[in-house]
Amino acid sequence: MKILSSTPKQDGFYMPAEFDLHDGCFMIWPERADSWQFGAIRARQVFVEVASTIGKTEKLIMCASHKQYHNAREMLPDYVRVVEMSSDDAWARDVGPTFVRNKEGIVRGIDWYFNAWGGLEDGLYFPWDKDNQMAKKMCDLLDKDIYDAQDFVLEGGSIHVDGEGTAIVTEACLLSKGRNPALTKEEITKKLKDYLNVEKVIWLKSGIYNDETNEHVDNICAYIRPGEVVLAWCEDKNDPQYAMSKSCLDILDKETDAKGRQLIVHKMPMPSPIFITQEECDGLDHMNFEPTRSPGERLAGSYVNFYIANKQIIMPGFNDPMDQEAKALLQRLFPDRQVIQIYARDILIGGGNIHCITQQIPKGGL
Ligand code: KQY
C-alpha cells in the first residue's frame with residue numbers, strides 16, 4: 001500500500017456514487033459500553049442483522065477487536081468475513097476510507113483526519129487515535145493505495161456524491177468549530193473538489209435536529225440517482241426540524257447540479273420524535289464520570305440514513321406508524337432493489353444509523 005501525497009483529481013480518480021456497483025462493505029463490531037447500552041449486547045444483534053443482509057449481495061467485512069473477535073465470528077454467518085482491527089467505536093462510514101476510482105477501475109482510498117466529530121471542541125470521545133488509523137488499515141487489508149488527507153478533518157457521513165460531479169454537504173457540520181476552523185468555506189469547497197473530484201458542492205445549511213455529529217448530511221439528504229435526492233421532511237411547523245428541512249428544500253429547489261440539472265427532491269417522512277428512556281440511559285456506561293445521555297433527550301431518528309447495497313436498500317425502522325410509508329417510498333424510488341427495513345433503535349441510541357455503520361467498497365476494490 002502506497003501513501004500518496006497527490007490528490008485524486010490530479011490522478012484522475014473520483015468518488016463513485018453509493019448506488020454504483022459495490023464489491024463489498026466494511027462494518028465495525030460495536031463494543032464500547034458508553035455508546036451502546038447494556039455492553040453493546042443489543043447493538044450487536046442489530047449489527048448482525050445488517051451485516052447478514054448486506055453480505056448476501058456484496059462481501060461484508062466486519063472489523064472486530066481482539067477481545068470480541070471470537071464473539072463476532074460466532075454471531076455472524078460464515079459468508080461474512082471477520083478481521084481483527086482495533087477501533088475506538090463502530091462508525092465505519094466516518095472512520096473508514098472514502099474510496100475513489102479511475103476510468104480503468106483502479107480503486108484507492110482517502111485518509112481524512114478523524115477527530116471524533118469535533119476534537120476537543122465538541123467531539124464525542126477522547127482518544128480517537130485508533131479510529132483515525134482505521135482508513136489506512138482497511139486500505140492496507142485490501143492492498144489499496146491511499147491519499148493522505150490527514151491535514152483535513154472529515155467524516156464519510158458528512159458527504160454525499162452523485163458520482164457525476166456533485167457533492168452535497170451541510171454548513172452546520174463542515175463549518176463547525178471542531179473540524180477545520182482555520183479554513184474558509186471556499187477553502188473547504190476546494191478541498192472537496194480536489195479529493196472527491198467534483199465540480200460542484202451544494203451546501204445545505206443544516207441537518208437533523210439534535211444530531212450530535214453537527215448534522216451530517218447522510219441523516220437528512222441522500223442521492224438516489226444522479227439529479228434526484230430524498231430529503232427528510234417534517235410536516236409539523238412547531239417542530240424545530242420543520243425550519244431545518246425547509247431551509248434544505250429551499251436550497252435544493254434553487255440549485256442545479258454539476259451537469260446543470262434541476263434537482264428532483266422526494267420528501268421522506270420522519271418518524272415521530274424519538275426520546276431516549278430512563279431505562280436505556282441506565283444501560284449506558286458513564287464516560288469520564290459523566291452520563292453520555294440523559295433521559296428524555298431527543299435522538300436524531302431519520303429514515304434517510306439507509307445503505308444502498310447491490311440489489312438491496314437496508315433502511316432503519318423505529319416501530320413508528322411512518323415506517324411503512326417510508327419503506328414504500330424507498331421501494332418506489334428503487335424499483336430494482338429490495339428494500340429491507342431493520343428495527344434500528346439500538347443503533348440510533350449509539351448516535352447514528354445504518355448508513356453511519358457501513359462503508360461501501362466500490363467495484364474494483366476487492
Ligand atoms: O455518524 C454518526 N452518526 C456517528 C455518531 C457517533 C456518535 C458517538 N456516540
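For the numbers below, each heavy atom of this structure counts, side chains included, while hydrogens, waters and symmetry mates do not. In each ligand, atom 1 is the first atom listed, and ligand 1 is the first ligand listed.
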Taking [X] first and then [Y], would you say they form a salt bridge - that is, a charged N and a carboxylate O separated by under 4.0 Å?
X	Y	answer
R225	E164	no
R44	D346	no
D257	K259	no

Check each N or O atom of ligand 1 against all protein N or O atoms and list the pairs under 3.5 Å, with atom names and distances to 0.1 Å, one per line.
unit_1	atom_1	unit_2	atom_2	d
ligand 1	1 (O)	D94	OD2	2.5
ligand 1	3 (N)	G351	O	3.1
ligand 1	9 (N)	E212	OE2	3.2
ligand 1	9 (N)	G350	O	2.9

field: F114 and W112 aromatic centres sub-6.0 Å
entry: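 When the ring centroids of F114 and W112 are compared, they turn out to be at least 6.0 Å apart.
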task: Please identify each residue that fulfils ring pair (Phe, Tyr, Trp, His ring centres under 6.0 Å) with Y125, with sequence neighbours left out.
output: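 Result, ring pair (Phe, Tyr, Trp, His ring centres under 6.0 Å) vs Y125: W117.
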query: For residues Y303 and D323, is any side-chain donor paired with an opposing acceptor at under 3.5 Å?
result: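 Note: Y303 and D323 side chains meet the donor-acceptor criterion.
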